[in-house]
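Read through the structure below, which is laid out as structure tokens, and then see the notes.
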Amino acid sequence: QVQLVESGGGLVQAGGSLRLSCGASGRTFSRYFMGWFRQAPGKEREFVATITWSGGSTNYATSVKGRFTISRDNGKNTVTLQMNSLKPEDTAVYYCAATERPYGGTDQSKYDYWGQGTQVTVSS
């Protein structure tokens, strides 16, 4: 099992940047496929970005491509989401998730573990 804890959320003006981190417990973090998802008020949770166990392959939602970067440090058991050029529509609770499957993709049902979420608010 793995426990996930997100941090780094906050309030930022449009055009600004935030860096979210997700710390994971357990010795086998490098075996997990990781993803970031978000849920805006009144909306369903949606896919943001994913990264393979090695960090060699990433995938992004169209709405964040070119602005967000996902990365991981298996030695430190962390996955990071660097968010630049933030927009008010990026306002949401951001969750990191992990799956033991080789590939989790955008399907939330494939993820076995979730963090508690961190709030990101972008003001206009």
Side-chain angles (χ1 to χ4, degrees):
Q1 283 195 347
V2 63
Q3 291 184 327
L4 305 173
V5 179
E6 302 96 335
S7 61
L11 173 65
V12 64
Q13 289 188 334
S17 298
L18 280 176
R19 186 178 180 88
L20 305 183
S21 292
C22 176
S25 64
R27 301 179 180 177
T28 59
F29 174 74
S30 62
R31 293 166 50 185
Y32 290 91
F33 184 98
M34 301 296 296
W36 283 97
F37 296 80
R38 66 185 182 186
Q39 186 168 20
K43 296 186 177 181
E44 294 186 351
R45 190 162 57 188
E46 65 178 7
F47 156 73
V48 175
T50 59
I51 189 166
T52 54
W53 66 271
S54 68
S57 181
T58 58
N59 188 33
Y60 297 92
T62 301
S63 59
V64 307
K65 194 172 293 184
R67 300 187 298 121
F68 291 12
T69 302
I70 187 172
S71 60
R72 68 190 295 163
D73 184 336
N74 288 337
K76 296 182 178 179
N77 282 15
T78 58
V79 61
T80 299
L81 186 68
Q82 177 67 44
M83 306 186 296
N84 299 328
S85 302
L86 283 161
K87 305 175 181 179
E89 50 263 44
D90 294 318
T91 294
V93 177
Y94 283 71
Y95 300 89
C96 72
T99 177
E100 296 176 282
R101 296 175 175 86
Y103 180 76
T106 63
D107 185 351
Q108 299 178 46
S109 68
K110 290 186 167 57
Y111 289 82
D112 307 299
Y113 308 103
W114 292 83
Q116 83 289 348
T118 185
Q119 177 70 48
V120 171
T121 304
V122 184
S123 63
S124 57

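Note that these values count all heavy atoms, side chains included, but never hydrogens, waters or copies made by symmetry.
- Nearest approach of Val2 to Ala98, heavy atoms of both residues: CG1-CB, 4.2 Å.
- Ile51 and Ile70 get closest at one heavy-atom pair: CG2-CD1, 3.7 Å.
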Test log, rule side chain to side chain contact (heavy atoms under 4.5 Å, CB included), inputs Val12 and Met83: CA-CA 11 Å; Val12 64; Met83 306 186 296; over 6 Å; no
Walk me through whether Glu100 and Thr28 qualify under side chain to side chain contact (heavy atoms under 4.5 Å, CB included). CA-CA 10 Å; Glu100 296 176 282; Thr28 59; 6.0 Å; no
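- Taking a 6.0 Å sphere around CD of Gln3, one finds it holds 12 or fewer heavy atoms contributed by other residues, nucleotides or ligands.
- Side-chain contact check for Val120 versus Arg38: every heavy-atom pair is 4.5 Å or farther apart.
- No donor-acceptor distance shorter than 3.5 angstrom exists from the side chain of Ser30 to the backbone of Asn74, with no hydrogens or angles considered.
- Under the 3.5 Å distance criterion, the side-chain polar atoms of Glu6 are left unmatched by any main-chain donor or acceptor of Leu20.
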Could you go through Arg67 and Asp90, starting from their C-alpha distance and side-chain angles, then the distance that decides it, and tell me whether this counts as side chain to side chain contact (heavy atoms under 4.5 Å, CB included)? CA-CA 11 Å; Arg67 300 187 298 121; Asp90 294 318; 2.8 Å; yes
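- Taking every heavy atom of both residues into account, Trp36 and Cys22 meet most closely at CZ2-CB, 3.7 Å.
- Partners of Asp73 under the salt bridge (Lys or Arg N to Asp or Glu O under 4.0 Å) rule, at least two apart in sequence or in another chain, do not exist in this structure.
- When the side chains of ILVMFWY residues are joined at heavy-atom separations under 4.5 Å, either directly or via intervening members, Val93 and Val122 end up in two distinct hydrophobic clusters.
- When every heavy atom of Gly56 is checked against every heavy atom of Thr52, the shortest pair comes out as N-OG1, 3.4 Å.
- Applying the ring-ring contact (aromatic ring centres under 6.0 Å, His included) test to Phe68 and every residue at least two apart in sequence or in another chain returns nothing.
- In the hydrophobic clustering, where aliphatic and aromatic side chains (Ile, Leu, Val, Met, Phe, Trp, Tyr) are joined below 4.5 Å either directly or transitively, Trp53 stands alone.
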Side chain to side chain contact (heavy atoms under 4.5 Å, CB included) between Tyr60 and Thr69: does it pass, once the steps are laid out? CA-CA 8 Å; Tyr60 297 92; Thr69 302; 3.8 Å; yes
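- In Arg31, the CZ atom is not crowded: 12 or fewer heavy atoms of neighbouring residues, nucleotides or ligands sit closer than 6.0 Å.
- Residues meeting the ring-ring contact (aromatic ring centres under 6.0 Å, His included) test with Phe37, sequence neighbours left out: Tyr111, Trp114.
- Here the closest non-hydrogen pair linking Ala14 and Ser124 is CB-CA, 4.4 Å.
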Which atom pairs, donor and acceptor, lie under 3.5 Å between side-chain atoms of residues 75-82 and protein residues at least two apart or in another chain?
unit_1: Asn77; atom_1: ND2; unit_2: Ala24; atom_2: O; d: 3.3
unit_1: Asn77; atom_1: ND2; unit_2: Gly26; atom_2: O; d: 2.8
unit_1: Gln82; atom_1: OE1; unit_2: Arg19; atom_2: NH1; d: 3.0
unit_1: Gln82; atom_1: NE2; unit_2: Asn84; atom_2: OD1; d: 2.9

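- The minimum heavy-atom distance linking Thr106 with Asn59 is given by the pair CG2-ND2, 4.3 Å.
- For the pair Arg72 and Tyr32, the cation-pi test (distance below 6.0 Å, angle within 45°) is failed.
- Judged as a salt bridge (charged side-chain N to carboxylate O under 4.0 Å, His left out), not a single pair has a partner in residues 115-124 (not counting sequence neighbours).
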